[in-house]
Engineer: 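I have a structure I would like to understand better, so I am pasting it below and will then ask my questions one at a time.
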Amino acid sequence: MNTINYIQIQKENSKHVEDAKALWLPFTAELKKHKDERFYVDQVTDNLMKRIGIQGLRDTMHFELMYINDECIGVCNFAIDLGGIKGLIDKGYGYIMGFYITPDKRRLGHGRTFFQHIENVLIADGANYIYLTPDEVTGLPFWESMGFVNSHLIDPDEKLPIFIKKIK
Ligand SMILES: CC(C)(COP(=O)(O)OP(=O)(O)OC[C@H]1O[C@@H](n2cnc3c(N)ncnc32)[C@H](O)[C@@H]1OP(=O)(O)O)[C@@H](O)C(=O)NCCC(=O)NCCS
């Protein structure tokens with residue numbers, strides 16, 4: 001039987017940082033490829049290190065790795081959005097900023113299992129809804145199958161449609 005563990009990335013833990021890099025770089029490369037955009041390793045690494053650096057500053061910010069039998073196969077950065085998006089998303093929503101399952105472990109239900117865990121964490125954090133802007137290639141079919149629906153609102157920064165799921 002598989003043993004599943006979710007680990008909160010800690011910046012002082014070099015294994016966490018290496019495991020996060022091993023997934024976050026291909027994750028970003030894949031999404032950039034889907035959008036036909038360029039990918040700069042240094043920029044993405046800096047951005048990742050900033051995200052890791054702010055972990056632990058508040059309890060409702062999460063950057064987690066998913067391990068199956070000690071193999072790191074997934075990563076997710078998610079939080080309670082304390083500010084919301086003016087006129088579009090109220091504060092207090094759960095927000096998923098990055099979600100990835102390594103390609104050789106896909107379509108085995110691991111993404112669903114990881115998302116169920118994330119949903120439970122965000123419910124415990126007090127969220128009634130989760131929002132995100134799906135990647136159009138692999139993200140969209142996955143998030144729709146997780147119950148997210150197109151709100152027909154557009155994220156003003158990313159210029160992408162916002163999908164929402166009611167979780168409570
Ligand atoms: C999206 C992603 C996390 C899905 O992970 P996964 O482990 O393959 O997902 P699951 O096996 O749990 O899939 C659950 C359901 O989602 C749907 N789904 C997942 N990937 C799909 C795809 N590529 N095409 C169509 N439907 C898909 C299916 O309904 C699937 O159920 P099924 O396999 O019984 O048909 C993974 O493809 C990934 O990391 N993609 C690149 C990064 C990305 O797009 N992240 C989301 C950013 S918004």
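Order of listing sets the numbers, starting from 1, for every ligand and every atom in it.
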Engineer: Do Thr138 and Asp135 get their side chains close enough for a donor-acceptor pair, meaning under 3.5 Å?
Structural biologist: yes

Engineer: For residues 122-133, please give each side-chain donor-acceptor pair under 3.5 Å, one per line with the distance, not counting sequence neighbours.
Structural biologist:
residue	atom	partner	partner atom	Å
Asp125	OD2	His62	NE2	2.7
Tyr131	OH	Asp81	OD2	2.5
Thr133	OG1	Glu158	OE2	3.2

Engineer: If the test is ring-ring contact (aromatic ring centres under 6.0 Å, His included), which one of Phe63, Phe27, Trp143 qualifies with Phe99?
Structural biologist: Trp143

Engineer: Please tell me whether Phe148 and Phe163 form a close aromatic pair, meaning their ring centres lie under 6.0 Å apart.
Structural biologist: no

Engineer: Pairs in or reaching into residues 13-28: which pass side chain to side chain donor-acceptor pair (under 3.5 Å), with residues at least two apart or in two chains?
Structural biologist: Asn13-His16, Lys15-Asp19, Asp19-Tyr67

Engineer: Anything with a heavy atom under 4.0 Å from ligand 1 counts, so go ahead and list those protein residues by chain and number.
Structural biologist: Phe27, Glu30, Leu31, Phe99, Tyr100, Ile101, Arg106, Arg107, Leu108, Gly109, His110, Gly111, Arg112, Thr133, Pro134, Asp135, Thr138, Gly139, Pro141, Phe142, Trp143, Ser145, Met146

Engineer: Only distances under 3.5 Å count here; give the side-chain donor-acceptor pairs of residues 107-117 to other protein atoms, sequence neighbours excluded, each with its distance to 0.1 Å.
Structural biologist:
residue	atom	partner	partner atom	Å
Thr113	OG1	Gly109	O	2.9
His117	NE2	Glu64	OE1	2.6

